[in-house]
Amino acid sequence: MIDNSELPVGFTMELAQHSDILNRFSELTESEREDVIKGARLIRSRDEMRSYVENMF
């Protein structure tokens, strides 16, 4: 289960725009999801976040 309180808002918004990527993200192990979330926390712009999400897989 994904705890939304731990997800950056911009990351959540981008995932919502890409249901296929959201599905793949939800299938990751907890450790893999944590690594992706840590990376997302480093991003400071909307364009960077969009690129990050679109290129996760």
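For the residue pair Pro8 and Arg41, the shortest heavy atom distance occurs at CG-CG, 3.7 Å. The two atoms that bring Phe11 and Met56 nearest to each other are CE1-SD, 3.8 Å, heavy atoms only.
Qualifying ring pair (Phe, Tyr, Trp, His ring centres under 6.0 Å) partners for Tyr52, counting only residues two or more places apart in sequence or in other chains: none. With sequence neighbours excluded, the residues forming a side-chain contact (heavy atoms from CB on, under 4.5 Å) with Asp47 are Ser45, Arg50, listed by chain and number. With sequence neighbours excluded, no residue forms a side-chain contact (heavy atoms from CB on, under 4.5 Å) with Glu27. In this structure Glu54 satisfies the side chain to side chain donor-acceptor pair (under 3.5 Å) test together with His18, sequence neighbours excluded. Every residue meeting the side-chain contact (heavy atoms from CB on, under 4.5 Å) condition with Glu32, not counting sequence neighbours, appears here in chain and number order: Leu28, Thr29. Every side chain to side chain donor-acceptor pair (under 3.5 Å) that Asn55 has, sequence neighbours left out, goes to Ser51.
Interatomic distance, CD of Glu14 versus CG of Leu22, reported as 12.0 Å (0.5 Å rounding). Interatomic distance, Met49 CE to Met13 CE, rounded to the nearest 0.5 Å: 10.5 Å. Once rounded to the nearest 0.5 Å, the distance linking NZ of Lys38 with CD of Glu6 reads 11.0 Å. The CZ atom of Phe25 sits 14.0 Å away from the CG atom of Asp20 when rounded to the nearest 0.5 Å.
In the hydrophobic cluster analysis, where Ile, Leu, Val, Met, Phe, Trp and Tyr join through side-chain heavy atoms closer than 4.5 angstrom, Leu15 is grouped together with Phe57.
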